[in-house]
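To keep things clear, I will list the structure first and then write my remarks on it.
Order of appearance sets the numbers: ligands from 1, and atoms from 1 within every ligand.
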Amino acid sequence: MSSDNDIELKVVHTTCPYCGVGCGITAHVDQEQHRLQIQGDHCHPANFGRLCSKGSSLADTIELKSRLLEPTVYGRECSWSEALDMVADSFTSTIKQYGPDAVAIYGSGQLLTEDYYVANKLMKGFIGSGNMDTNSRLCMSSVVAGYKRAFGADTVPGCYDDYEQAEMIVLIGSNTAWCHPVSFQRIRAAKENNPDLKIVVIDPRRTASCELADLHLPIAIGSDTILFNSLLNYLNQQDALDQQYIRQHTEGWAETLISAQTSSSDSARVAEHCRLRPQDVELFFNWFASHKKVMSLFSQGINQSSSGTDKVNSIINCHLATGSIGKPGMGPFSLTGQPNAMGGREVGGLAHQLAAHMDFSNSKDIERVARFWNTHTIARKPGYAAVDLFNAIHDGKVKAIWIMGTNPVVSLPNADKVKQALQRCDFVVVSDCISETDTTALAHVKLPALGWSEKDGTVTNSERRISRQRALFEPAGSAKPDWWIVTQVARRMGYEHAFHYTRSVEIFREHAALSGYENNPQQQVRDFDISAFAEISQHDYDHLQPTQWPVNHEYPEGLQRLFADGHFFTPSGKAQFIAITPRRPVNLPNQDYPLILNTGRIRDQWHTMTRTALAANLNQHKPEPFVEIHPLDAQQYQLMHNTLALIESTWGKMMARVQLTDTQQQGTLFVPMHWTEQYASHGRIGALVNPVVDPISNQPESKHTPVRIKTYPAAWYGFILSRHPLKFKQPEYLIKVTGEQFYRYEMAGEEVPETWQAWTRHVLCNTHHETPQWQEYIDPSMGTYRAARILDNQLESIFFVAPTIDLPERSWLTGLFVKPVLKKDERLALLIGKPPLGTQDIGPIVCSCFNVGEKTIQAAIKEKELKSHQEIGLCLKAGTNCGSCIPEIKALL
Ligand SMILES: Nc1nc2c(c(=O)[nH]1)N[C@H]1C(S)=C(S)[C@@H](COP(=O)(O)OP(=O)(O)OC[C@H]3O[C@@H](n4cnc5c(=O)[nH]c(N)nc54)[C@H](O)[C@@H]3O)O[C@H]1N2
Ligand SMILES: Nc1nc2c(c(=O)[nH]1)N[C@H]1C(S)=C(S)[C@@H](COP(=O)(O)OP(=O)(O)OC[C@H]3O[C@@H](n4cnc5c(=O)[nH]c(N)nc54)[C@H](O)[C@@H]3O)O[C@H]1N2
Ligand code: SF4
Ligand SMILES: [Mo]
């Protein structure tokens, strides 16, 4: 936003809506023009002013044209009262006919705590079914189960300050550089300050996070329990245990050690099972044993596994054995994914949980919550966990579903079955802020929720820190807060007395009061206690400073670390060692499906792209769904770099651009999770992912599915760049990318149209009344065709097609759309697709903030003999804003 206008901009402190780092944002708001300027909040303890590429681009995602602005029923816009009546009536009549377990809510770690609290209260407290689960099942449920087994409560012991105090940081199944970038920047700074800080990355892929690694262990997918059992064994052999701690504060040591010895006595075999070099394993073990302050940061490489809960406990076991928990610079620290993954756990959003860290396994909890909510219809048993929930919908057992803040048609495993389940379901309600998603496409009722920048409430980050998300703008269209929507439906279902809220602070107070209800701090009954907020005023809520729970009588200012005193929330007060018997993933590669599919995230997109794909600069880094494959595997399956591949599992198939890379292990593929039917013809990787879950946590095994791969037999490859969005009959392969003043379409097909001239005229000419100038080049013998259209001396659209992938780089051409006029030599070069002599092509974008490409960086390194990312920053600005691209800049060096 230009600072040259004279309007006084409102300054609002809020929180980023993406990852669980939970960065504070200072927003400068231009209400009138609906524009924003975003900066990192220098006072927020999660980020101290830093932001990553996604947070920095938030201002580009607040546009209204993609928003869901009005309620709709069966495709027709309607009033709120009509939509709410319909939801309440359908739920009520379904319950009457089939019982409460025939309805369900599927929520999200992207809801605010207040939204989440009322949704959970409605389903579990009043409808009386356990059928409220959330996308956190796909994300955090293994760590919830692991913490609960070890500590008796779902408690994250440490905090971000520990990064700066640690002597060693182990990143396990976490691509921190891309997924928790601001934490990664803090770790980088910690290492720059203290070069002795050891960093170990345990990940089957050599990810961007390896930039900082003193040691990378490219572990075989699914084998972490063997490695950590073996580490436990080693710590014992080396006498690196804290015997006193084990005696005083833990139980179960003897059995746990025996099972570790049984499964991992021979370190050479351990290395073989994990496909690691024995000397690397030895070095890791040695470092772990010789440093006291060790932090284990873990994420989806641990949680998303059929032995996810065991993986978590195998890590915790090592920390208990060395007493490295609850003190500065150490401990098992789970990085949460979503902005409010932690808040969802607090309110009890998972189907086996009840509320405020109480669950169905304890009848006293059930009675207590029933008393507090003053209800006689409370649920008494867990409901369906996510994967089973959608199976139950598929089987007709659950007949009405309300999906809030999540996109299960993309993100659940066996996603084609999920789609079918919703197609068959009698009644599907979706609350979302975006109009067209793969899930809203199947909704009978769409309810417009406030988006980030309008909603107002609290979220909790990875280190238990509660922060405020504050409204920056008035609601868009008729959009309403999620808590309001739930409350209105609850009232219409007859629960008026329990859903009388008029402001989110009232819900927050009730949530805080429940956390302290019959929870005596002296007796350490429940870890989650924010009772100090039970009577918070509107004013104090509005000015709430980021605070780490517990926040109660004993700790009115919050608490950085738990378990410093060695007291845990188990019946005995002691932490539990859990004996682990390693298991292999459930579905192993076989003759038909010989490769292992691993899935995950890229730097600049958020999940199913409903918001990040609106920001042009976030689409440039990785514009297309891709599959990473080791060059030797590529050779075996006759795949060439940049061609298209078909990937198939027992459950489904997809298409992606082939990327050869030795960062990938032989025998494995990596595909990002992000693409949907909104942006790709065949990009939903969830369709392939096996619906196997961990038996304890019910978390799906999203990192391990047997698949096969082959070349897509394209007869032609092509792309269109156009100043205006185009509508045309979809070729077999189609990807849509939004850019800065252009739309990009990547295409391929098996059938060639009769003539490309006619096809091109048909596709490009339906947007404009004026007649642009055409440039055309045809070589029928080669099967190539190129056309460009120029209007008012600006590039209007351009199309290239060829029988091979031999097409020009898109970066120079896309850069022409922002030019007010094309120069003569640029016009002449259009159909060559390369910059005129003397002009440089910038190459694929590395730095999204300043639009700096790979070729520009390479040229500067060469010509100016640049030696560090700092020097490149000084010269090109690349990497100097959010810093998310520093790992890649370093790789270019
Ligand atoms: N840019 C971006 N950031 C995000 C998100 C996003 O969508 N985009 N989403 C947020 C959310 S909700 C989450 S949950 C987090 C996820 O954050 P991460 O967990 O860091 O992300 P992933 O890419 O899913 O997976 C991490 C790594 O696990 C590795 N892995 C796979 N199998 C194994 C295994 O068996 N053992 C080990 N040790 N490693 C394995 C993968 O190769 C991958 O590099 O990111 C959050 N941040
Ligand atoms: N293959 C594979 N699959 C995975 C994973 C993986 O690593 N591999 N990771 C899993 C993990 S960890 C996660 S967390 C999930 C994430 O998967 P999803 O939750 O399905 O993905 P999102 O795109 O974040 O979906 C959020 C939806 O909520 C909408 N939304 C945003 N804000 C609000 C709001 O305030 N209110 C409402 N009502 N709607 C809102 C967005 O527009 C979007 O449609 O994916 C899981 N699926
Ligand atoms: S690291 Fe990036 S995505 Fe995560 S909260 Fe901070 S700015 Fe947002
Ligand atoms: Mo997640």
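One option in Ser223, Ala220, Gly337 has a heavy atom closer to atom 13 (C) of ligand 1 than any other, and that option is Gly337. Compare Arg601, Gln605, Arg205 by their heavy atoms: the one nearest to atom 8 (N) of ligand 1 is in Gln605. Between Ser108, Gly308, Cys179, it is Cys179 that holds the heavy atom closest to atom 45 (O) of ligand 1. Checking Pro672, Gly20, Gly301 against atom 33 (C) of ligand 1, the nearest heavy atom belongs to Gly301. Considering Gly600, Cys52, Gly173 only, the shortest heavy-atom separation from atom 26 (C) of ligand 1 involves Gly173.
Using a cut-off of 4.0 Å between Lys/Arg side-chain N and Asp/Glu carboxylate O, Arg345 and Asp154 are scored as salt-bridged. Under 4.0 Å is where a charged nitrogen must lie from a carboxylate oxygen, and between Arg186 and Asp162 no such pair does.
Here the two rings, on Phe288 and Tyr234, have centers that are 6.0 Å apart or farther.
Side-chain atoms of Gln110 and Gln338 form a donor-acceptor pair, as typed in the model, at a separation below 3.5 Å. Using a 3.5 Å distance cut-off with no hydrogens or angles, the side chains of Ser296 and His319 do pair a donor with an acceptor. In this model, a donor atom of one side chain and an acceptor atom of the other lie less than 3.5 Å apart for Asp604 and Ser848. Side chains of His44 and Ser467: a donor on one and an acceptor on the other come within 3.5 Å.
Nearest heavy-atom pair, Ile685 versus Pro672, reported as atom, atom and distance to 0.1 Å: CG2-O, 3.5 Å. The nearest pair of heavy atoms linking Leu138 to Ala386 is CD2-CB, 4.3 Å. Taking each heavy atom of Leu111 and Lys455 in turn, the nearest pair found is CA-NZ, 4.3 Å. Heavy atoms only, all atoms of each residue included: Thr437 and Gln678 are closest at C-NE2, 3.3 Å.
For ligand 1, the polar-atom distance check finds an N/O of Lys54 within less than 3.5 Å of one of the ligand's N/O atoms. Polar contact check, Ile602 against ligand 1: a nitrogen or oxygen pair lies under 3.5 Å apart. Checking only distances, Gln304 never comes within under 3.5 Å of ligand 1, N or O to N or O. For Asp224, a nitrogen or oxygen atom sits less than 3.5 Å from a nitrogen or oxygen atom of ligand 1, counting backbone and side chain alike. In terms of polar-atom proximity, Asn175 is counted as a contact of ligand 1, with an N or O under 3.5 Å from an N or O of the ligand.
Near Ile202, meaning under 4.0 Å from any of its heavy atoms, are these atoms of ligand 1: 37 (C), 38 (N), 39 (N). Near Gly222, with a cut-off below 4.0 Å to any heavy atom, the atoms of ligand 1 are 34 (C), 35 (O). Those atoms of ligand 1 that come under 4.0 Å of a heavy atom in His674, given as number and element, are 7 (O). Close approach to Thr207 involves these atoms of ligand 1, each under 4.0 Å from a residue heavy atom: 44 (O).
Of all the heavy atoms of Lys311, the ones lying under 4.0 Å from any atom of ligand 1 belong exclusively to the side chain. With a 4.0 Å heavy-atom cut-off, ligand 1 is reached by the side chain of Cys139 but not by its N, CA, C or O. Counting heavy atoms closer than 4.0 Å to ligand 1, residue Ile221 contributes atoms from both its backbone and its side chain. Contacts with ligand 1 closer than 4.0 Å are made by backbone heavy atoms (N, CA, C, O) of Trp178 only, the side chain lying farther away. In Gln338, the parts holding a heavy atom less than 4.0 Å from any atom of ligand 1 are both the side chain and the backbone.
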> Given Asp694 and Lys311, is the salt bridge (Lys or Arg N to Asp or Glu O under 4.0 Å) satisfied, shown in steps?
Replying inline: CA-CA 11 Å; Asp694 176 284; Lys311 286 187 181 189; over 6 Å; no
>> Tyr18 vs His180, test: ring pair (Phe, Tyr, Trp, His ring centres under 6.0 Å). Steps then yes/no.
In response: CA-CA 10 Å; Tyr18 300 123; His180 297 92; over 10 Å; no
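With Asp438 contributing its side chain and Glu677 its backbone, the two residues share a donor-acceptor pair below 3.5 Å.
Annotation: atom 42 (O) of ligand 1 to nearest protein heavy atom, Asp203 OD1, 2.7 Å. Residue, atom and distance of the protein heavy atom nearest to atom 14 (S) of ligand 1 are Gln300 NE2, 2.8 Å.
Relative orientation of the Phe670 and Phe626 rings is tilted, given thresholds of 30° and 60° on the angle between their planes.
Distance check: Thr581 OG1 to Asp310 CG gives 7.5 Å after rounding to the nearest 0.5 Å. Note that the CE atom of Met132 and the CG atom of Leu389 stand 10.5 Å from one another [nearest 0.5 Å].
In this structure, Met673 falls outside the shell of residues with a heavy atom less than 4.0 angstrom from ligand 1.
Protein N/O/S atoms closer than 2.8 Å to atom 6 (Fe) of ligand 3: Cys23 SG.
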